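Report on one structure; see the data block that follows.
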Amino acid sequence: MPLPVKDTLKPRTDTIRAGFSRAELPPSTEIGPSWHWNRAELFASGAVSLSDLLERVPGVTGLHAGWFPLPATAVYGGDPDRVRVFLDGIELDPLDARTGAVPDLSVIELWSLEDVLIERHAGEIRVHLRTWRVDRTTPYTRTDILTGDLETNLYRGFYGRRFFNGLGLQVGAQQYSISDQRLGGGGGGLGLFTRFGWARGKWSADGLLDRGRRGYDEILRSQPVNTRMPPEEVTGSTTYLRLGYGDPGGDHGLWAQAVAASRRFSETSPHRGAAVAGPLGFPADTVDTLTSRAQYVASAGYMRGPWRTSVGTRMRAFAGSSSQAPEARLSFDTRRLTLLLSGDRAPIASSVARPGTGRATTLDASARVLPLSWIALGGGVTRRQPADSADGPASLSVRGEAGIRILRRGLWVTGSVLTRDTALLRPPVIFDSAYRAASVGRATATVAAIRGTLYHALQVDAWGVRWSDTAGFYRPRWQTRSALSMNTNWLGRFPSGHFTLIAAAVHEYRSNLYIPTAGTPLRAGQSRVLSTLLEIRILGGSVSWQYRNLIGEDYQLVPGLGMPRQTNIYGIRWDFWN
């Protein structure tokens, strides 16, 4: 009788491969928790746009035309031109002629990101976005389904896998639709994300395509009466090839990167006749536009102990012209002391109509020191010097902060002063082309905050801002945001870590906000908004529910453009490791 043949094939076990290269992130000089979200925290935050995240930072005022996909932007220190966004080290310059110098943050999707870091300086906000990567050889699949009020429906799908030879493939897609019968502005969008690359040891090479289409209908305005904000239909994409050596997120050694990127934007909005153009200056028609811009980034850095240094250059090529933007960063980071120095000389995002004609040199210095474990001092200085006075005056902005830790678990109470120098405020004309630029003087804000762990899983994040003047533009004199949340894995009951409960209540208040026009400034009245968030994770599935504007406040964040009343959005996310 023949002996049975033994099966000699063995299944390969799941392994972690070398990661694709990623962009450098600066150390945090914040007192208390930093403004940093990883991929899991992003989806659990309840944010539906990048502006939602930015509004959690003191000194930032979000401007929304309504529920997504409508335009949204963020203003820092009352200046709409002081928020810069970087995706994998590529600066996202505004390409839409309708937005002018102020980017529309609603077109920057969060679903394809791996983490977000908000770097707050005295004179500007820098947002660092890093796209989703996979490093495991076991195939990863995820499905998201969300639905809610205003006929909101959203679907996402993800697939990612690394192979044993170092290759990797990632694909993701998103589709959503919304309908608002009360105010208009319904629409939808479709997004596609794909990455293919190779990584082994310290070397990696990858290519990425991130493409999105968005459209929304006309929006009814309450002031002036019987006017409408015109519809828009746009498509944008970011494509790059990247070669990297070493890891900028590591703790020692040399790293270097070279990125060749192309960003493309096209508008195919419906024709709009002169009879319905409205008195606020909206164009009677916007012809189809197609804009593309190349950006080449080369950077290198070295890390040793607490020291980190990096240098780089950024070349933009557009419409037959090009510009160079050198940049450098030096930091020292320990438990007791953090120092950060950075500078660049970049084009001013004045308009796609005249790319690279204006440049500004920006120098930043930030620090945080803990003389005792429960006392912290911090702050920073930003110097901005435009090469041409037509691009605005030179400015010096200063921020000083002091904090005391009142509980051992890390509850920080801080007070700070932010001084913004004279400035030329460029208007966010995506909301209304009648908005006008305005020259304003120095302004000072006083900020009080309490952030950190209150008791075990109970956390608080509350702050209030008061400006010294009553006639500032793009910022309310009084603004507060208070969030009380519980975030627990309940390890006593689920020691495996397969359970998470997040529950939060958020209250936001703003006093009157004014926007300059050729005539009388437009006003958005004060608002009080209460919202809640609930998320439960069991194994690989997460159920989420958020209820915005719980008390049904009738309010506006942009003059004349009403925000939705009580709005629910709920759904599931499910991860699969095959």
Side-chain angles (χ1 to χ4, degrees), residues 37 39-56 62 64-72 105-113 116 142-158 172-191 212 214-217 219 481 483-487 500-508 527 529-538 541-557 561-575:
W37 296 264
R39 185 164 174 81
E41 292 166 342
L42 275 175
F43 285 98
S45 68
V48 298
S49 69
L50 181 58
S51 182
D52 275 357
L53 290 179
L54 283 165
E55 289 169 26
R56 305 176 187 205
H64 297 256
W67 191 231
F68 74 106
L70 299 180
L105 300 181
S106 68
V107 301
I108 301 176
E109 303 283 2
L110 297 179
W111 65 276
S112 60
L113 301 180
V116 175
R142 195 178 105 184
T143 301
D144 299 357
I145 301 175
L146 295 172
T147 188
D149 295 334
L150 302 180
E151 298 183 30
T152 300
N153 292 288
L154 184 148
Y155 309 93
R156 298 191 191 105
F158 301 90
Q174 172 182 272
Q175 187 275 333
Y176 68 89
S177 61
I178 295 167
S179 178
D180 188 346
Q181 302 298 328
R182 184 172 71 98
L183 301 173
L190 180 65
R214 183 199 69 174
Y216 57 84
D217 303 327
I219 310 168
R481 186 182 189 276
L484 184 65
S485 62
M486 181 175 66
N487 189 335
T500 301
L501 171 65
I502 300 174
V506 181
H507 180 270
E508 298 172 281
S527 62
V529 180
L530 177 64
S531 303
T532 59
L533 171 68
L534 176 65
E535 172 147 333
I536 300 173
R537 179 186 64 86
I538 301 176
S542 298
V543 179
S544 66
W545 173 41
Q546 58 174 304
Y547 197 167
R548 297 201 173 196
N549 195 9
L550 187 66
I551 58 178
E553 177 88 354
D554 188 4
Y555 71 105
Q556 302 172 357
L557 299 181
L561 297 174
M563 294 293 291
R565 297 285 184 90
Q566 296 160 320
T567 306
N568 285 275
I569 182 169
Y570 46 88
I572 60 172
R573 305 190 305 273
W574 203 281
D575 297 88

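These numbers come from a predicted model, not from an experiment. Numbering starts at 1 and runs along the sequence shown. What you see below is based on every heavy atom in this structure, not just the backbone, and it leaves out hydrogens, waters and symmetry mates.
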Answer yes or no: is there a side-chain heavy-atom contact under 4.5 Å between [X] and [Y]?
X    : Y    : value
F43  : R142 : yes
N568 : W545 : yes
S106 : R214 : yes

Calculate, to the nearest 0.5 Å, the distance between atoms [atom1] and [atom2] belonging to [X] and [Y] respectively.
X    : Y    : atom1 : atom2 : result
L146 : S544 : CG    : OG    : 5.5 Å
L42  : L50  : CG    : CG    : 9.5 Å
Q546 : S45  : CD    : OG    : 8.5 Å
R156 : T143 : CZ    : OG1   : 11.5 Å
Y547 : S531 : OH    : OG    : 10.0 Å
Q566 : D149 : CD    : CG    : 8.5 Å

At their closest point, which heavy atom of [X] faces which heavy atom of [Y], and how far apart are they?
X    : Y    : answer
P71  : Y216 : CG-OH, 3.5 Å
V506 : A483 : CG2-CB, 3.9 Å
G62  : E55  : CA-OE2, 3.4 Å

With sequence neighbours left out, write down each residue that passes side-chain hydrogen bond (donor to acceptor under 3.5 Å, both in side chains) with [X], or none if nothing qualifies.
X    : answer
D52  : R548
T500 : N489, R537
S49  : none

Passing option when N153 is tested against T147, I178, I569, I145 for side chain to side chain contact (heavy atoms under 4.5 Å, CB included): T147
Exactly one of L150, I219, L70 should register a side chain to side chain contact (heavy atoms under 4.5 Å, CB included) with D180. Which one does?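 With D180 as partner, L150, I219, L70 yield a single side chain to side chain contact (heavy atoms under 4.5 Å, CB included), made by L150.
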Would you call the rings of W111 and F158 parallel, tilted or perpendicular, where under 30° means parallel and over 60° means perpendicular? tilted
With sequence neighbours left out, write down each residue that passes salt bridge (Lys or Arg N to Asp or Glu O under 4.0 Å) with [X], or none if nothing qualifies.
X    : result
D554 : R565
R56  : none
E109 : none

